[in-house]
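Have a look at the structure below, then the notes.
Bear in mind that the values here come from a model prediction, so they are computed numbers and not experimental data.
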Amino acid sequence: MFSSFLRFIGIVGFIINALHKANSCDLPAKGNPYFPNNFSFGIATSAYQIEGGWDADGKGPSIWDDFTHNYSHLIDKNSTGDISADSYHHFDQDLAALKELKVNHYRFSISWPRIFPNGDISSRNQKGIDYYNKIIDKLLKNGIQPMVTMFHFDLPVDIQKIGGFMSDKFIEKFVAYATELFENFGDRVKIWMTFNEPQIFCKSSYADGRYPPLAGISGEGDYICVTNTLKAHAAVYKVYRSRFYEKQKGKISIALGNYFFLPKSNETEAAYRALQFNIGFLAHPIFHTSGGFPKVMIEDIKSNSLKEGRLTSRLPSLKGYWKNLIKGSADFFALNYYTSRMMQRAVQPKGLNPSWERDMDCDESLDPSWLKATSGTWLYCVPEGLEGMLKFLRDEYGDLEVMITENGWSDVGELDDVSRIRYLKSHLQAVLNGISSGSNITAYTYWSLIDNFEWRSGYSIKYGLYSVDFQSSNRERTPKKSANFYREVISSKKIPNEIHV
Ligand code: GAL
């Protein structure tokens with residue numbers, strides 16, 4: 001596996017050099033220009049980012065409500081998601097956009113504190129259940145398949161009070177919540193994701209202190225969070241398979257990813273290591289035939305922990321019951337991909353001591369040819385990274401069904417969003433190239449349907465195919481040029497040569 005990864009990395013290096021002069025966001029085509037007939041095109045949002053209605057109809061507070069209300073100075077322009085695009089009151093406008101695009105599926109998340117306001121089953125809120133029933137029914141009535149994420153960062157405050165992801169209790173609480181979702185929606189929802197991007201929220205919430213609850217337990221809290229997330233995910237998978245699957249026949253996964261890593265010059269080992277410390281951290285225990293955390297993480301974190309004078313590793317051990325339960329606990333790979341970094345082994349120890357960065361022990365850099373998004377600081381257009389990720393998944397985890405569950409480009413909100421079209425074009429090409437190279441990719445999901453609350457960046461960064469008038473009480477949606485482009489892709493099942501917008 002590693003040798004074929006190295007060969008691929010050589011090819012990617014060649015492609016990158018060839019494109020180097022171009023300040024590029026393009027990708028050459030390989031093979032069939034058409035997406036398969038049954039390929040599903042969709043678009044994504046998440047509850048806290050679009051819904052508003054933060055305390056409507058009995059909803060309880062999430063840690064993002066608490067954070068934006070009490071630490072507003074940490075968010076661009078002191079913004080909150082209290083109203084946001086107000087999808088809670090204007091879902092029909094979202095539906096109109098989805099119909100206009102003619103998407104095959106819509107990925108949205110359910111707000112846990114709308115269903116159980118204090119996180120616990122005892123607080124069950126029928127009005128919250130009614131809201132999602134309405135959405136699901138309207139989608140299906142219009143031929144749009146719901147793809148549902150159970151957790152997209154908005155943890156009920158009371159679950160945080162009992163320790164959040166640091167506590168074993170979390171597992172039991174999450175299973176009760178997921179069971180409620182299967183009972184109420186599982187007759188109609190056939191694609192589920194338990195968690196969105198645990199490697200991002202575990203690090204941001206429990207190590208960096210960038211996201212609530214601002215717990216700076218670097219190099220330990222983040223690892224406990226990932227471990228408990230994997231356990232809760234697998235426990236939910238078990239409940240679904242034993243109690244619901246026979247009748248409901250749905251599929252379950254967990255959305256992983258965000259970055260791919262390429263080698264800086266010939267540092268192939270560093271790129272592979274970074275992939276294991278990021279994607280592999282959650283994917284290896286679930287999708288690899290041997291299960292458990294990646295070997296390189298187990299060995300190096302233990303060795304660092306002992307050097308720090310500890311008696312045991314900061315990385316919790318995954319053995320026996322849990323290792324077996326987690327192994328194989330997904331029906332497809334849900335991949336989020338945005339961008340890439342070049343990696344080399346660290347010249348000197350980096351990051352906090354201890355930390356995920358220090359354990360990973362790599363320095364990251366950028367290729368000067370990569371096109372940078374005009375908003376934010378981290379997003380560069382690297383479509384070959386998506387191809388690389390698909391190849392990595394094939395090599396590491398074998399013949400998997402892959403659904404791309406997020407991929408998106410940000411700007412400052414212009415309607416004439418040609419850079420977004422360019423990003424979309426090249427990433428859709430990467431999907432086609434992946435299919436030609438043997439990946440079983442069945443879905444692509446653009447992030448996001450509408451401009452929305454972009455976490456600590458507030459409303460300063462826009463990802464939507466539809467703009468939202470945040471000044472108007474109706475929050476009117478207006479299509480951008482990229483909406484027309486995506487509609488054309490969906491109706492023709494190919495990437496248009498000319499952009500007719
Ligand atoms: C993802 C996240 C989304 C959205 C997007 C753009 O990591 O799942 O909620 O914020 O990034 O930054």
Side-chain angles (χ1 to χ4, degrees), residues 23-26 41-46 49-52 76-77 79 81 83-104 106-108 142 144 338-339 370-381 383 406-429 444-455 457-492 494-501:
N23 198 275
S24 176
C25 177
D26 306 317
F41 289 100
I43 201 151
T45 58
S46 90
Q49 293 177 276
I50 67 160
E51 280 180 3
D76 184 81
K77 298 199 172 56
S79 303
I83 306 177
S84 185
D86 208 11
S87 289
Y88 189 73
H89 299 106
H90 297 291
F91 174 71
D92 284 348
Q93 290 195 51
D94 294 343
L95 183 66
L98 295 166
K99 283 164 67 176
E100 193 167 69
L101 291 170
K102 294 204 166 55
V103 289
N104 307 111
Y106 176 45
R107 178 178 177 225
F108 63 96
N142 287 284
I144 301 167
Y338 283 85
T339 194
W370 293 344
L371 182 72
K372 186 178 182 302
T374 48
S375 58
T377 52
W378 62 279
L379 186 56
Y380 291 78
C381 179
E406 271 183 47
N407 174 239
W409 183 250
S410 66
D411 56 23
V412 289
E414 57 269 34
L415 293 179
D416 187 11
D417 54 343
V418 283
S419 66
R420 175 165 297 106
I421 294 177
R422 228 177 137 193
Y423 179 93
L424 251 167
K425 224 178 157 183
S426 61
H427 286 76
L428 286 165
Q429 187 59 57
Y444 171 86
T445 315
Y446 179 77
W447 178 274
S448 179
L449 175 65
I450 49 178
D451 290 342
N452 57 52
F453 177 83
E454 178 52 26
W455 308 115
S457 304
Y459 298 95
S460 62
I461 295 185
K462 310 283 203 319
Y463 282 88
L465 295 192
Y466 285 74
S467 158
V468 174
D469 180 357
F470 289 102
Q471 307 311 320
S472 76
S473 58
N474 277 335
R475 300 293 200 268
E476 277 89 10
R477 280 78 163 135
T478 307
K480 303 180 187 175
K481 266 195 177 171
S482 55
N484 299 335
F485 172 77
Y486 195 41
R487 196 179 52 219
E488 202 167 317
V489 171
I490 297 172
S491 67
S492 64
K494 73 190 260 291
I495 305 167
N497 284 333
E498 298 296 322
I499 303 174
H500 303 114
V501 285

- Item | Gap between atom NE2 of His89 and atom CG of Asp86 - 0.5 Å precision | 5.5 Å
- Query: Hey, what do you get for CZ (Phe470) to CZ (Arg475), rounding to the nearest 0.5 Å?
  - Reply: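 Going from CZ on Phe470 over to CZ on Arg475, the span is 7.0 Å.
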- Task: Take Lys480 and Asp451, measure what side chain to side chain contact (heavy atoms under 4.5 Å, CB included) needs, and give me the verdict at the end.
- Result: CA-CA 11 Å; Lys480 303 180 187 175; Asp451 290 342; 2.8 Å; yes
Does this structure show an ion pair linking [X] with [Y], if we count only N-O contacts that are shorter than 4.0 Å?
X	Y	result
Lys481	Asp416	yes
Glu414	Lys462	no
Arg477	Asp94	yes

So, the side chain of [X] versus the backbone of [Y]: is there a donor-acceptor pair under 3.5 Å, distance only?
X	Y	answer
Lys99	Val103	no
Thr339	Tyr380	yes
Asn142	Ile144	no

Just checking, any donor-acceptor pair under 3.5 angstrom between side chains of [X] and [Y]?
X	Y	value
Asp411	Ser375	no
Glu454	Tyr459	no
Gln93	Tyr466	no
Tyr338	Asn407	no
Ser472	Glu476	yes
Trp370	Ser24	no
Ser46	Gln49	yes
Thr45	Ser448	no

To check you understand the geometry: which heavy-atom pair defines the closest contact between [X] and [Y], and what is its length?
X	Y	answer
Leu371	Cys25	CD2-CB, 3.9 Å
Ser87	Ile450	OG-CD1, 3.9 Å
Ser410	Ala373	O-CB, 3.5 Å
Ile461	Gly376	CD1-CA, 3.5 Å
Ser460	Asp76	CB-OD2, 3.5 Å
Leu449	Leu101	CD1-CD1, 3.9 Å

- Are there more than 12 heavy atoms of other residues, nucleotides or ligands under 6.0 Å from atom CD1 of Ile83? no
- Item | Flag if over 12 foreign heavy atoms under 6.0 Å of NZ, Lys102 |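 12 or below, so no.
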- Option among Tyr463, Tyr423, Trp447 that satisfies the ring-ring contact (aromatic ring centres under 6.0 Å, His included) test with Trp409: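 Exactly one candidate clears the test, Tyr423.
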- Query: Given the rule in the side chain to side chain contact (heavy atoms under 4.5 Å, CB included) test, do Leu465 and Arg420 qualify, once you have shown the distances and angles that lead to the verdict?
  - Reply: CA-CA 9 Å; Leu465 295 192; Arg420 175 165 297 106; 3.7 Å; yes
- Query: Between Asp26 and Arg422, is any pair of side-chain heavy atoms under 4.5 Å apart?
  - Reply: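 A side-chain contact under 4.5 Å exists here.
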- Message: Using side chain to side chain contact (heavy atoms under 4.5 Å, CB included), reason through Tyr444 and Ile43 one step at a time and then give a plain yes or no.
- Response: CA-CA 8 Å; Tyr444 171 86; Ile43 201 151; over 6 Å; no
- Message: Run the side chain to side chain contact (heavy atoms under 4.5 Å, CB included) test on Tyr446 and His427 for me, step by step, so that the C-alpha distance in whole Å, both residues' side-chain angles and the decisive distance to 0.1 Å come before the verdict.
- Response: CA-CA 10 Å; Tyr446 179 77; His427 286 76; over 6 Å; no
